[in-house]
Each structure stands twice: as C-alpha cells, then as structure tokens.
Amino acid sequence: MFRKVHVRLAFLCAGITSFILFVMSCGSLYISEAGLKSRSFTSFQNDMNTLVSNLEQQTIITHEWLTRIEDNGKYLINVIDNGIPFLYNERSTDEQKMLFETAWECYRHTFAAEPVLSSYDTWHIEYTFSSTGGRRDDYYACVTTSQRNTGTFQVMILCSMKPLLDQIRTQRLLFFSLDFLALIALSLFSWHFTRRLLKPLEENQKRQNQFIASASHELRTPLAVILSCASASARASEEERSHFLESIQSEGLRMSRLIDDMLLLTRADDLSWTIQKTASEPDTLLLDVFEAFEPLAQEHALRLSVELPEEGIPAFSCDPERIRQVLAILLHNAISYTPKGGRIRLSLLYDRKTIKLTVADNGIGIPDEEKKKIFERFYRADRSRSEKGHFGLGLCIASEIIHAHRGRILVSDTPGGGSTFTVLFPLS
Ligand code: ADP
C-alpha cells in the first residue's frame with residue numbers, strides 16, 4: 001500500500017512542480033524572445049536611419065556606394081529609378097528577383113498611400129515580411145523614397161532575419177533542455193522526498209500492526225483458558241465448577257489489566273492521556289510504594305529496604321499517581337525476577353538539579369544485548385521465566401510516563417549481580 005502511495009505522491013509532486021516550472025520558463029522565454037525581436041528590429045531601424053541620411057547626401061548613386069551598403073551580403077539592395085529597376089548587380093539570382101518582387105508587393109499592399117514628397121525629400125519605412133515560394137524566410141525590409149530633380153528614386157533594402165531566428169531557436173533548445181534536466185532532478189527529488197516523508201508513517205503502521213499482533217497473541221491465552229473452563233464447568237461437579245469459576249475470574253482480571261495497559265499506551269501515543277501535576281514530595285511517594293510492596297516482598301522471601309537522604313527534599317512537580325505507577329512497575333519486576341532470599345533496595349538521591357530514584361535488585365540480571373530491547377512493547381527477555389501477569393508492557397508504560405515528565409530511565413547491572421533501574425527527573 002505504501003509503495004502505491006509513494007509512487008502516486010512522487011508523481012503528483014514532480015508533476016505539479018514541473019508544470020509550474022514549465023509555465024514559468026515558457027513565460028520567461030516569451031518575454032526574452034519579444035525583447036530579442038524588438039531589439040533586433042530597433043537595431044535594423046537605426047542602421048536604416050544612418051543609411052538614409054547617407055543616401056540623402058549622395059547626389060549620384062554609384063555602384064561602389066551600393067556595393068559598400070550591401071555590407072558583404074548582410075543587406076540585399078534593389079533600386080528603382082523612376083519606376084525602372086536599376087541593374088547594378090549582375091550577380092542577382094532569380095530567387096533574389098522573386099524575393100524583391102514579393103517585398104515590393106507587400107510594400108504596395110501595406111503602405112498603399114505614399115506621402116507626396118517635394119523636391120529632395122526622403123521618406124522611408126521599415127517592415128517585416130515573409131518570402132513566398134519553396135522556402136519561407138523572414139526578412140526586415142526598408143523602402144526609402146526620395147524625390148530628386150531627376151525624378152523619384154526608390155531603394156529597397158532587405159535584411160534576413162535568419163540570425164535572429166537561429167538565436168531564438170538556440171535559446172528555445174537551451175530552455176527546453178534545462179527544463180528536461182530540471183524535470184529529471186525534480187522527479188528524483190520527489191521520489192526521495194516522498195519516501196522520507198512516508199517512512200515514519202510506514203514505520204508507525206508497522207509498529208501498530210506488530211502491537212495488534214502481539215496484543216491479540218497475549219489475549220488469546222487467557223481467552224482460551226476462559227472458554228475451556230466455561231465448557232468444562234458445564235459437566236463439572238459443584239466443587240470443580242467453583243475452581244473453574246475462579247480461573248475464569250483470574251484470567252478475566254488478567255485480560256482486563258492487559259487491556260488497561262494497552263489503552264494507556266494508545267493514549268500515550270496520541271498524546272491524549274492526562275498528566276495532572278501537583279507539587280509532591282518524592283520521599284513520601286517512595287515510602288508509600290515501599291509500604292505497599294513490603295508484604296508482597298515478604299511473601300516472596302525477599303528483603304526490601306529503602307534509603308532516603310538525611311536532609312529534606314523539596315517537593316517537585318509531577319503526577320503522583322503516575323510516579324507511583326512507575327515505581328510499582330519497577331518493584332513488581334524486581335520482585336518477579338529476583339530469586340528467594342534476594343535483596344531489593346529502593347533509594348532516593350537529590351542534587352539540587354535532579355531527583356534520582358533507584359530500584360536495585362540482586363536477581364537474575366539483564367544481559368547487555370537485552371538492555372535496550374526491554375523497553376519495547378511486548379518484549380520479554382525470557383518468556384519461560386516470566387510470571388503469568390507479565391505481558392512485556394510494564395517498562396514501556398514506565399518510560400512513557402517518565403518521558404511525559406521530561407525524565408529519563410536507565411538500566412545497569414547491580415554490582416555483584418542483578419539489575420538497577422534509575423529514574424532521573426529534572427527539577428527545573
Ligand atoms: P514484563 O511485564 O514482562 O515484566 P516489562 O516491560 O516490565 O515486562 O519488562 C520487560 C522484560 O525486561 C521482562 O520480560 C524481563 O525479561 C526484563 N526485566 C525487567 N525488569 C527486570 C529485572 N528487575 N530483572 C531482570 N529482568 C528484568
């Protein structure tokens with residue numbers, strides 16, 4: 001499912017960004033081309049202005065002057081003296097002749113009304129036109145008409161727009177090549193970006209699936225006991241039935257505790273659980289838990305002791321119920337994983353910045369490679385040694401509560417064997 005979403009998201013992301021990029025580059029290409037065309041036409045007009053003022057000064061138009069004006073083939077010139085073409089250039093090809101015919105036609109068609117010129121007046125106009133025939137080429141054209149004492153003298157100058165169009169074509173090619181490269185870069189970027197974006201969601205989904213699978217697995221055992229007890233009690237004697245009912249009740253309680261734990265973790269995940277902080281004295285909290293667990297420790301033949309600092313410890317802001325829950329989880333584990341005759345020590349240290357609560361036992365201990373894993377959901381280091389009431393959620397709940405108080409939980413080995421859990425709460 002995530003792969004499909006990833007592909008779609010990457011495609012959408014690359015598509016939208018590429019479309020925006022394409023529209024923007026088309027816009028800037030259009031502006032740039034319009035600027036190029038306008039600059040090129042202005043430059044042609046300027047050249048023509050110079051040429052016309054030069055022409056005005058010429059009393060006799062010589063072949064040399066016309067050849068010089070042609071500027072090595074940059075301009076094509078056609079002269080009409082009193083309506084008769086002035087053949088100065090024998091090199092003129094048929095193609096060129098046709099080109100001038102088209103240009104004159106276009107001129108007469110576009111500028112039908114020529115101004116009436118008085119003697120020695122010169123008038124000129126610039127325009128663009130496209131050649132007809134096999135190849136359609138675009139040209140700038142300038143027609144100058146001057147009135148001389150010998151009659152009307154007209155010069156047509158053509159300049160091919162090919163260099164400009166070549167420049168525009170190269171520019172377009174460059175723009176689209178850059179767009180293509182940008183499209184590839186954007187596609188790669190979207191692919192990686194969307195993958196990174198989806199990774200936490202995918203991991204979360206994986207964790208949730210694992211959580212559901214483990215929870216279902218944990219619930220299946222008590223449920224199977226309840227169902228088998230219920231079916232057996234139907235044919236059992238009165239005495240056996242009360243035994244089965246007891247089992248059903250204890251398994252029901254186990255299930256209810258597991259469901260409570262799971263709900264608590266779910267609420268911690270979506271940050272909807274409540275931490276009601278009040279100023280609480282840490283030594284009082286520790287003593288409360290110590291007193292509550294003393295009978296259980298005695299039942300398991302364990303020595304439970306508590307160590308408190310001599311000087312008074314200030315109250316700190318916490319949810320006392322939740323802190324009691326943390327200490328209860330740690331103590332319950334210490335009692336469960338310490339063999340008979342063992343020792344469990346509860347202690348409290350305070351150094352003005354941090355409050356340090358410790359639960360140390362001399363039980364079976366935790367191997368180094370397991371120390372990180374024990375905080376994962378439903379993780380139990382040695383399932384065969386876990387009691388029935390252990391689902392592998394205790395430390396996970398404890399660490400969620402501690403993190404909600406901006407604290408830390410650490411696990412280390414007790415000197416001489418066993419495990420020590422240390423909880424640190426910042427005071428500020
Ligand atoms: P559980 O409910 O199974 O105890 P926890 O999350 O509280 O789950 O603990 C996870 C695992 O960490 C336990 O299954 C156990 O293997 C190990 N563990 C926790 N506390 C201790 C301890 N005091 N001594 C040894 N092992 C411990």
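Each residue takes its place number in the sequence, starting with 1. Order of listing sets the numbers, starting from 1, for every ligand and every atom in it. Computed from a predicted model, the values in this text were never measured in an experiment.
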Between [X] and [Y], does at least one N-O distance fall below 4.0 Å, as a salt bridge requires?
{"X": "Glu203", "Y": "Lys206", "result": "no"}
{"X": "Asp47", "Y": "Lys74", "result": "yes"}
{"X": "Arg377", "Y": "Glu400", "result": "yes"}
{"X": "Lys199", "Y": "Glu202", "result": "no"}
{"X": "Arg257", "Y": "Asp261", "result": "no"}

Looking at ligand 1, is there an atom of it that comes within less than 4.0 Å of some heavy atom belonging to [X]?
{"X": "Phe375", "answer": "no"}
{"X": "Gly365", "answer": "yes"}
{"X": "Gly363", "answer": "no"}

message: I'd like to know if the side chain of Arg241 reaches the main chain of Ser233, judged simply by a donor and an acceptor atom lying under 3.5 Å from each other, with no hydrogens or angles considered.
response: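 Looks like yes, one N/O pair under 3.5 Å.
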- prompt: So, the side chain of Ser40 versus the backbone of Leu36: is there a donor-acceptor pair under 3.5 Å, distance only?
  reply: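 Between the backbone of Leu36 and the side chain of Ser40 there is no qualifying donor-acceptor contact (under 3.5 Å).
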query: Which residue from Ile397, Leu395, Val411, Asp261 reaches closest to atom 5 (P) of ligand 1 through any of its heavy atoms?
result: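 The option holding the nearest heavy atom is Leu395.
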query: Should one rank Thr414, Ile364, Asn333 by closest heavy-atom distance to atom 20 (N) of ligand 1, which comes out on top?
result: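 Answer by nearest heavy atom: Asn333.
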query: Hey, is ligand 1 close enough to Arg380 that some N/O pair sits below 3.5 Å?
result: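 The answer is no, given that Arg380 and ligand 1 share no N or O pair closer than 3.5 Å.
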query: Can an N or O of Ile329 be found at a distance shorter than 3.5 Å from an N or O of ligand 1?
result: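 No, Ile329 has no N/O under 3.5 Å of an N/O on ligand 1.
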field: Which segment of Ile366 sits under 4.0 Å of ligand 1 when only heavy atoms are counted
entry: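 Under 4.0 Å from ligand 1, Ile366 contributes side-chain atoms alone.
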Those atoms of ligand 1 less than 4.0 Å from some heavy atom in Leu393: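 Counting from 1, the qualifying ligand atoms are 6 (O), 8 (O).
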message: With heavy-atom distances below 4.0 Å as the criterion, list the atoms of ligand 1 near Phe421.
response: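 Ligand 1 atoms under the 4.0 Å threshold to Phe421: 20 (N), 21 (C), 23 (N).
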